[in-house]
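Everything on this sheet refers to the single structure shown next.
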Amino acid sequence: MGKKILGCFLLSLCSWAQAANPSAEQNKLIALERMWNEAQVNRDGNAIASMIADTFVNTEFDGEVSDRGKFIADIRDPKFQPSFMTIDDVKVNVYNSAAIITGVYHTKGTYAGRPYDHIGRFTDSWIYDGGKWLCVASHSTLLKK
């Protein structure tokens with residue numbers, strides 16, 4: 001009986017500690033978002049693949065929807081040549097094993113030889129699954145083209 005009480009106490013303490021320090025998870029998620037940006041600039045499809053779920057869906061600013069496979073293929077497409085990507089005004093809301101991240105992105109580069117310079121808002125939905133955070137959905141809205 002004492003072991004059960006101690007076990008419940010420790011479990012409650014761990015849950016409380018996690019709830020009392022959400023900034024640790026928030027910081028992990030912001031770091032993942034920044035790694036995502038770096039992977040896009042480097043066109044590193046493997047890095048992106050490690051951060052997104054098998055069921056990942058992406059909705060671009062122009063309404064194009066892509067699944068995981070198409071999204072990774074688009075990152076690897078030699079026509080896609082990003083030179084700069086950053087995020088600002090990032091807000092993270094963690095809900096147990098899920099998180100919603102919003103912010104403003106700025107990206108520059110060329111696509112098929114044509115320059116682009118986009119500023120927009122993004123919303124990314126993440127889940128904690130199998131011991132790591134995975135993005136399950138991403139949506140962007142263009143503010144300035």
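All values reported here derive from a predicted model rather than from experimental measurement. FYI, side chains are in, hydrogens and waters are out, and symmetry mates aren't considered; it's all heavy atoms of this structure. Counting begins at 1 with the first residue of the sequence.
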Can you check whether Y128 reaches L134 side chain to side chain, under 4.5 Å on heavy atoms?
no
Search all heavy atoms of L29 against all heavy atoms of A99 and return the closest pair with its distance.
CD1-CB, 3.5 Å
Cut-off 3.5 Å, no hydrogens considered: what does the side-chain donor-acceptor table look like for residues 101-112, sequence neighbours left out?
| unit_1 | atom_1 | unit_2 | atom_2 | d |
| --- | --- | --- | --- | --- |
| H106 | NE2 | D117 | OD1 | 2.6 |
| T107 | OG1 | F84 | O | 3.1 |

Please table the atom pairs, donor to acceptor, closer than 3.5 Å between any side-chain atom in residues 53-66 and protein atoms at least two apart or in another chain.
| unit_1 | atom_1 | unit_2 | atom_2 | d |
| --- | --- | --- | --- | --- |
| N58 | ND2 | E60 | OE2 | 2.9 |
| D62 | OD1 | E64 | N | 3.0 |
| E64 | OE2 | K70 | NZ | 2.9 |

Rounded to the nearest 0.5 Å, how far does CH2 of W36 lie from OG of S50?
10.5 Å
Kindly indicate whether the side chain of F80, heavy atoms from C-beta on, has any atom under 4.5 Å from the side chain of P82.
yes
With hydrophobic residues grouped by side-chain heavy-atom distances under 4.5 Å, do V136 and M35 end up in a single group?
no
Going from CG on N27 to CG on L32, what distance comes out if it is rounded to the nearest 0.5 angstrom?
11.0 Å
Closest approach of E25 to V94 (non-hydrogen atoms, all atoms of both residues):
CB-CG2, 4.4 Å
Decide salt bridge (charged side-chain N to carboxylate O under 4.0 Å, His left out) for R76 and D74; before the verdict, give the C-alpha distance in whole Å, the side-chain angles of both, and the deciding distance to 0.1 Å.
CA-CA 5 Å; R76 291 179 174 147; D74 287 347; over 6 Å; no
Verify same cluster id: I119, V41 (apolar side-chain graph, 4.5 Å):
no
Just distance, no hydrogens or angles: give the donor-acceptor pairs under 3.5 Å from side chains in residues 120-127, sequence neighbours left out.
| unit_1 | atom_1 | unit_2 | atom_2 | d |
| --- | --- | --- | --- | --- |
| D124 | OD1 | S138 | OG | 2.5 |
| W126 | NE1 | E33 | OE2 | 2.9 |

Shortest non-hydrogen separation from M85 to N37 and the atoms involved:
SD-OD1, 3.4 Å
Could you state the interatomic distance from CD (E38) to CD1 (I48), rounded to the nearest 0.5 Å?
10.0 Å
Cluster check V90, M51: I/L/V/M/F/W/Y, side chain < 4.5 angstrom
yes
How close do I75 and Q40 get, heavy atom to heavy atom, and via which atoms?
CD1-NE2, 3.3 Å
